[in-house]
Every structure is written in C-alpha cells, then in structure tokens.
K.L.:
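A single structure is presented below for examination.
Lettering of chains follows the sequences in order, A, B, ..., and the numbering in each one begins at 1. These numbers were taken from a predicted model, which means no experiment stands behind them.
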Amino acid sequence: MAFGKGHHLHLIDGSAFIFRAYHALPPLTRKSDGLPIGAVSGFCNMLQRYIEGNTGADAPTHVAVIFDKGSHTFRNEMYDQYKANREAMPEDLRPQMPLTREATIAFNIACEEKEGYEADDIIATLSVQAREAGGRCTIISSDKDLMQLVGGGVEMFDAMKNNLIDREGVHAKFGVYPERVVDVQALAGDSVDNVPGAPGIGIKTAALLINEYGDLDALLERAGEIKQPKRRQTLIDNAEQIRLSRRLVQLDEKTPLDFTLDDLEVRDPDPEKLLSFLSQMEFRTLTKRIAETLKVEAPVIPEAAPTEGAAEIEAIPFDKASYTMVSDKETLQTWLDKIYARGYVAVDTETTGLNDMTADLVGISLCVEAGEACYIPLIHKANRGDDLFGSDDLAEGQMGFEEALRMLTPMLEDQSILKIGQNMKYDAKIFAQLNIGVTPFDDTMLMSYAMHAGLHGHGMDALSERYLNHTPIPIKPLLGSGKSAITFDKVPLEDAVPYAAEDADITLRLWQHFKPALHRAQTTRVYETLERPLVPVLMQMERHGVKVDRDTLSRMSNAFAQKMAALEAEIHELAGRPFNVGSPKQLGEILFDEMGLEGGKKGKTGAYATGVDVLEDLATEHAMPARVLDWRQLSKLKSTYTDALQTHINADTGRVHTSYSITGASTGRLSSTDPNLQNIPIRTEEGRRIREAFVAEEGRTLVALDYSQIELRLLAHIADLPSLKQAFADGLDIHAMTASEMFNVPLAEMTPDIRRQAKAINFGVIYGISGFGLARNLRIPRAEAQGFIDRYFERFPGIRTYMDDTKAFAKEHGYVQTLFGRKIHTPEIASKGPRAGFAARAAINAPIQGTAADVIRRAMIRMPDAIADLPAKMLLQVHDELLFEVDKGAEDDLISVARNIMENASDPVVKLDVKLTVDAGTGSNWAEAH
DNA sequence: GACATCACG
DNA sequence: GACGTACGTGATGTCC
C-alpha cells in the first residue's frame, strides 16, 4: 500500500545525532587498533534507544536517517560566505562519518543523503510529500531551521529534551507561526550559519515587524513607514541582503530524490548483519543488549590488547629492522593507499640543517601504525663528502625528487588526511618552501605542552624516553660534530633509514598516547584554540621576516668599537695594568684584591660578583667601575646586536627571520631565537638606537601596537581588586593612583619618587612580592619594604587572598591555570626549602603572565583574517606588542582593525571586568614606531 | 658545558 | 628560626 492516510513517517536528523554523540562521550577508541569510535558508539546507542522507545501504538510506519553530504551546496552558489565560519570537523570525528552510515544500514534503517543539498532540504521534501499524501510526519531534531516545516500533520520532536514541537511550540520560539518563520529568520540572520540578515535586528524585533506588516515582502515594500529611524534605515539599506538571507534559510521542498516514501517503510533488522557490525566495532555492552532484544546469541568479541595507552604502545617493540626504504613509485603508492585507508599519518622531514629558512629537504619519513614506518630518501649523496671526487653524485635507490613530491603533495594537502608531526612548524615551513601546504595537522610537541607545561621539556627525545620508555637513535654519531660534521644528505642510506623512520614511528606512538590523554587532562580546548592555530600564523611571520638595514648596524658597530677601545685604555690606566675587561673573574681580582675596594663578595664558584648592582655601588668610591659599566653596555650592544644581527640577514630576502618557540616558556609566552628579536634594546638611549636599523620597506611603514599595562589589568580582574578596576575604568595613571592610596598623598601632590616606589610595588605583586626583593629593588631597608607590602595588602585585600588561594591551589593540584584554561605545572611547590619559595612565586605569577600570553595569542590567531584585505603584514610579537608593516596611507585602517582585534581578544570566552587598551605608533623604523 | 652578565616584557 | 628571594626568557664571552 502506498504511503498515505494512517501512515506515519519519522525523519531523523543524522548530523544532529552524530554531533550530540560526539560531544556527549569521551574520545573512545577501538581497542584493537585505536580507531576513534566514540561518536559511532553514541550514535548506535541513540538509534537503539530510539527503536526501543518507538514500539507502541504510535510507532512509525516509515523511517529514515537523513545525512548531509559534502560541505558545498546550492546555497554556496548564492552566497559564498554561507556557513563560512563553521569550525572544521574535529579530526577524530572525520573517520567516523562513514561508519555512522554503515551503522544506520546495519540497523536496517533507510539512510539517505544527496550531494549539493543539505539534510534539511531532503527532510523538507519528504515531510511535504508525506503531508500531501495525507500522512503524518515527525522530524526528530531540535534544529530551528526545520521549524518552518511544522504544521498540517508535520511535527518536530526534540529527542534531547524529550519534547514535541507543534505550531504553538514554533510560535513560542519565533513569535510567528511556521509559515512566517523564514521571514523572521531572514531578518534576524544566523551567526552560526553566517546568514547575514538585517544588522541590529534579532528574532524579537523581526517577529514584531512581521506580525505588524504581515510578511517580509510587505514589510520591505513599506519599510519607509517604520517609525524607528534606525530600524527603517537598516531595512532600506539591507533589503537585498535580507532577500538573499530568505533564500538561504528557505528549505528546498523540491529536492530531486531517487527514492519514494514507500522505500522508507520500517523494516526489522537482520540480526546477523547488525551484530556483525557491532562486534566489528567492538561494542561489547551494546552487542550484548541488542542480542538479548533480538533473542539471538551474542557473538564473542575477542579481547584486544589492554586499553591503557602506554601499555598498548609498549606492547609493540621498536625494531629498526622493520623500517623500510621507499625507492620507487609503486612502493610509495602502497604507502599512500595505506594512509588513505587510515585517514592519518605521522610525517617527519630530514633536511640539510636546523634553520628552516635555509635548509633543504633531504628525505621524508612516514608512519601509519606503530612499528611500521618508512623513509623516502630524496637527495642523499653517494658518499660522505670526504671523497674529493664525485661527491655530488646521488646515492642509488632514490626515486626522483619531483616525482615523489608530485605523489605526496595531494595527500599532504588533503583535508581528509590528518598529518601528525613533532614540531610541525619546522616541517611545514620546509614544505612551504616547495609550495606545499600541510593541512590539517596535529603536533605532538604542542599536545605535550598543553598537558605538561612546567613538568618537562617537549622535545622528541625527552617525550620518547618519558612516555614510550624508548631512547631514540641519537643523531650525533651520524652527523659527527665540530668541523668534520656532515649534513643529513651525506649520511649513508643504511644509517639514514632507521634513524629517520624511527622519528615518524615515535611521533605516531606519541600521538596515540597523547590524543586521549589530552581529553583526560581537559586541555583539548587549549591545544585546539591556543596552540595549534598559532602554527600557521607564526609560519607566516617568520617567513616574511623584518627588514634590517646592514649599513646602519655596521656604522654603529664601528662607533661602538672606537668608544670601547678608548674606555678600555682608560680602565687599564685606572687599574694600573692591562687585563681582560670582559672577564668578570679578572675584574673582580683587580677591584677587590689589587685595588683593595671594600664589599667584595665571592659567589659559590669562588669568584667575586661584579654584576651591575655591585659595580653601581662601587662607582661612588672609584672612577673605574663606572667605566667598566659603560664598556659592558657597549660590548653587549655590539656583540649581541650590531654585530650578530648582521649575520642573521638572509641573503635571499635581505630580511631577518627569527624563529618563535611555542613551547619554550612554561607560562604560554612565546620565545624567540636565531636571533632573539624579543630583547632588542629600548631602555637606554644608546640601545634604543639599534631599533633604528629595523626599517620598513620603501613605500611602507612600521606600525607597533602594544597592550597598556596588560598584566596589572589582568591582576585587577583575577584577584578582584575593585579600586584598581575603577582606576583603570577612569583611565587614571595607575602607579600614581597606587601611590596615592598607599601613602595617602593626593594625586595633585604626587612626586616622581613616590610614584616610582608604587610602580615597583605593583610589579613586585605580579612577581610574588617579598620584603627582601622589594628592598633590594628600591634600595631601601628591608623593614621599610615590608611596611610597604603590609600597607599594600591592607589597601588591596584581594591581593592577599589571590596569593594565598593560588599557592593553596598549586599545592593541592600541582598546577595553576590561566583564565583560558591553560595549565602551568609547579611540581616544586611541594619541595622543602628555598625551592618551594621559588615555586610559590612562580605559581603566583603564572596565571597573570599566562593569561596575558593567551590574550595576545588569541589576537594573533585572529589577525591574519582580520587584516586580509589590508596591504599589511604582521612581523613580530614581543609579549605585549605586535609589529606590523603596512603600505603608506593604510596605517590608520590597520591600526583601527588590529587594535579592535587586540582589545577584544578575550571575547567571547572570558568577559573581563577591566577593559584592555592598546597604544599605537607608526614610523619608518622601529624606534619611531614604538 | 657551566657560569656570569645583561638585553627584553 | 633559618633559609635565600622578585616572574618569564635568549645570547654572548670567559674559563675549564
């Protein structure tokens, strides 16, 4: 009998089921091979519960699960931004999607999808067909986009809240009945699907307008009559956009389908098929339960290896002999086939050096399963290079460089294949040089950092030792050291293969270990929002580099050398004999033994201390220490900056390319190396001039934006200090205000000295203040410093509480957290003696410094998209500052966009009680811009 | 490679 | 009651 009166169709929104299952369950994996399976498990459970709950008199006669297919639909043709801000599907969910289709079929339920259409369109088409045939239809979903379909025998059922949505239910949600829902949605827009709508109009206002004017067309036609000027204008200005929005939200009730309602008739499951699928997935409980329901015997699922990560991974021993070399395209193709079947692969590159801007790709290793890895050598030389003749010949047994990359590139760029790396920024930069974009990816180094910051380093060797109980093959013996060191392309293949392949093997095993651990440690969100997305951003900045003028530096070097020579002569004269001014040991002996100055203190190595503090004190008694300080400053500027920076100017680009380490600092700050561009001088006039060498390209300008007092602002929020918050809200001079509060001095009578003391205390608080430390910093008696601190605590009682609570938390948990959930471990807090003191202060500082680091990371991650339409590039980050280079004339546009991103970087995750403000400067060089 | 020193936030 | 103490980094030169 054809579908008609008396029949009842159920349409299940498959995607909704999957996402609910995915988010509701921990990241389960199939025991035998680690395949992620949590969403499939939840999906099957939901299907089974659905079946069990729909057996009564009102049971459906027809049923289907409807899925989305592909991400590109006819709506993207109308509007390319449709659903453009959707987050990418989590990697561990992607391989489960086809399995949910298999599950539906195993349950013997019709499973439908159609390329170019959303599931919602299929649901719309079927529900209309059911209604027109005189039957009933229940849509099992809570998606508001489907509410336009309700009425005339069509209802929705929200399986989550267990409630039925009829016409009245829709009215309660939208303020209009189903036939006008599309009009309201068109006006209100939808940020989730990126439907624009009318700016400033939400569901409430939209419903009001539609109810007043009847429908959307009437409203738009008579928009001029609207009394409120803002509403009137937005409707007039955005009429086209609103009509487009209506077309986007309007479901297609005429989707061409190659089946009919009759094909959806409820069928009993085939026990054999269903149980075979469930046991293949290794769902023990569910298999048993369904077997009982179906009154058949449950199949026996063999017990796989134990589930705990480490044990499972250790179960497969490392074996150099199992690694293979790929020398031809047939073999490479079998590896690609394996990778596509799996959906993920560990990748590692071998190169001719450690600098990813200058190193060349030498070979690639791959691993899809613990113990099963290969190395693809590409440009290994025939011998070690110590042979005078023929040393440029390539070693035998390598497939062509071009051919290998031609085969690998589609896989490396395939959205459905997850590439797993250890420090992916390095490998991705190597591939980027060859115009290959590696995406999507996971990074075991960043996973470790998200979980273990403060506990240990995150290099591969350390992680392998610690989590895999395996010492990797050392690289030293292969490359040698010193003058005789060779590059990896000179390493003989029989040595290179096991070394390189093992790195990929280790990386894969670490990933298998970390992936579930990341969830258990509740740091997945930190990893996915604060660590991983930073990689492409930093890659871009590093590859772009900053222009540094060699002539300026060179002139400065010469000037410094001259001044140093003069000072050196003077110092030798004052000392009575020549010595190495750069040697603290010799200097100490001269000052304290030969010249007999007082106050010499020997450190633990038996040498006199000759640091700035000591020499500054001595300067009051003798002329020499001051000269030494001057000499040291120049020596520092010359050796570390004006000389060294020149050597870092890249020959190809004429620019300096630093490398940022994401995992270097335990608090979440970045660090910068080769060269370090985060400690370019600024505090002294002579030093600041080095920034004049950091210049903009011809026709461009440097723009520096920095957060004003970000750590103190965050302290005010985190420790909940009302008077400090108020001071920031009022835009007061925060150090003067602190001084005024503490010393009872009206702001009008503030002296620079009182302000300076208050400033030192404010900073001291951020660092975990102590009487001793403050006394030393301010050069005042310890008792007086302690008095300041006591008064500070009285005036800002929240500080005490914050410090005590933070220490207590650290002691209990072994870590502290930032506002964004980043964990910083403080294991030494439990130790006895001075180490505990260090750890306590670090624990107090970490949430503040770490939250500031999170804030600027969030800004940096959003920045590339925000400035995509501007002729601007982000060049450098210096903890609370971002440096940009922009075409002349576009400075103001850039400042307004970038400042907006920076000031609102905490949104929407954290709502700060204190506003963040950003100062901006521009100039043809960094000294001017700051 | 350890240590002291000093550049930055 | 004594212990040593501001938090977080990286690069350089000396010396062993």
K.L.:
Would you say A/Y608's side chain and A/L591's backbone share a donor-acceptor pair under 3.5 angstrom?
P.N.:
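No, A/Y608 side chain to A/L591 backbone: no donor-acceptor pair under 3.5 Å.
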
K.L.:
Considering only heavy atoms and no angle criterion, is a donor-acceptor pair shorter than 3.5 Å present between the side chain of A/S639 and the base of C/dT12?
P.N.:
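There is none.
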
K.L.:
Partner of B/dC6 by Watson-Crick or G-U wobble geometry, both contacts under 3.5 Å, or none?
P.N.:
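Partner of B/dC6: C/dG10.
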
K.L.:
What nucleotide among B/dC8, C/dT14, C/dA6 has an atom nearest to a side-chain atom of A/N580?
P.N.:
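Given the options B/dC8, C/dT14, C/dA6, the side chain of A/N580 is closest to C/dT14.
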
K.L.:
Nearest to the side chain of A/R691 - C/dC16, C/dG10, B/dC8?
P.N.:
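My answer, after comparing the listed nucleotides, is B/dC8.
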
K.L.:
Supply the atom-to-atom distance A/N558 CG to A/K638 NZ, rounded to the nearest 0.5 angstrom.
P.N.:
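Between A/N558 CG and A/K638 NZ, I get 8.0 Å after rounding to 0.5 Å.
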
K.L.:
Using atom P in both nucleotides, what's the gap between B/dA7 and C/dA2 to the nearest angstrom?
P.N.:
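The answer is 37 Å between these two P atoms.
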
K.L.:
Indicate, with a heavy-atom threshold strictly under 4.0 Å, whether A/D880 touches base, sugar-phosphate, or nothing.
P.N.:
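Sugar-phosphate: the residue A/D880, judged by heavy atoms under 4.0 Å, touches backbone atoms but no base.
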
K.L.:
Let's see if you can work this out: which of B/dA7, C/dG10, B/dC8 has an atom nearest to the side-chain heavy atoms of A/I682?
P.N.:
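Side chain of A/I682 sits closest to B/dC8.
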
K.L.:
Scan A/A760 against the nucleic acid and name what it touches under 4.0 Å (heavy atoms): base, sugar-phosphate only, or nothing.
P.N.:
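Result for A/A760 = base.
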
K.L.:
For C/dG4 and B/dC6, measure between their C1' atoms and round to the nearest Å.
P.N.:
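Taking atom C1' in both C/dG4 and B/dC6, they lie 22 Å apart.
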
K.L.:
Quote, to the nearest angstrom, the C1' distance that separates C/dA6 from B/dA2.
P.N.:
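Approximately 24 Å lies between the C1' atom of C/dA6 and that of B/dA2.
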
K.L.:
What salt bridge (charged side-chain N to carboxylate O under 4.0 Å, His left out) pairs are there with at least one residue in residues 666-675 of chain A, not counting sequence neighbours?
P.N.:
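Residue pairs with at least one partner in residues 666-675 of chain A: A/R669-A/E711.
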
K.L.:
Send over the distance from A/K807 NZ to C/dC7 P, rounded to a whole Å.
P.N.:
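My rounded result for the distance is 13 Å.
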
K.L.:
Using atom C1' in both nucleotides, what's the gap between B/dC8 and C/dC3 to the nearest angstrom?
P.N.:
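Roughly 31 Å separates the two C1' atoms.
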
K.L.:
Just to be sure I understand the rule, does A/G582 reach a base, reach only the sugar-phosphate, or reach nothing, if contact means heavy atoms closer than 4.0 Å?
P.N.:
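A/G582: backbone/sugar contact only, no base atoms under 4.0 Å.
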
K.L.:
Under a 3.5 Å cutoff, is there a donor and acceptor pairing between the side chains of A/Y792 and A/N762?
P.N.:
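Distance-only check passes for A/Y792 and A/N762.
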
K.L.:
Between B/dT5, C/dC7, C/dT9, which nucleotide has the shortest distance from any of its atoms to the side chain of A/F838?
P.N.:
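Comparing B/dT5, C/dC7, C/dT9 against the side chain of A/F838, the answer is C/dC7.
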
K.L.:
Under 3.5 Å, which donor-acceptor pairs do the side chains of residues 768-779 of chain A form with other protein atoms, sequence neighbours left out?
P.N.:
unit_1	atom_1	unit_2	atom_2	d
A/S770	OG	A/G773	N	3.0
A/R779	NH1	A/D617	OD1	2.9
A/R779	NH2	A/E616	OE1	3.2

K.L.:
Could you tell me whether the side chain of A/R683 has a donor or acceptor atom within less than 3.5 Å of a complementary atom in the base of B/dG9?
P.N.:
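A donor-acceptor contact between them is present.
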
K.L.:
Does C/dC15 have OP1 or OP2 sitting under 4.0 Å from an N or O in the side chain of A/Q586?
P.N.:
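So the side-chain polar atoms of A/Q586 do come within 4.0 Å of the phosphate oxygens OP1 or OP2 of C/dC15, strictly under.
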
K.L.:
I'd like to know if A/R632 reaches the base of C/dT12 with its side chain such that a donor and an acceptor end up less than 3.5 angstrom apart.
P.N.:
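Result: no qualifying N/O pair found.
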
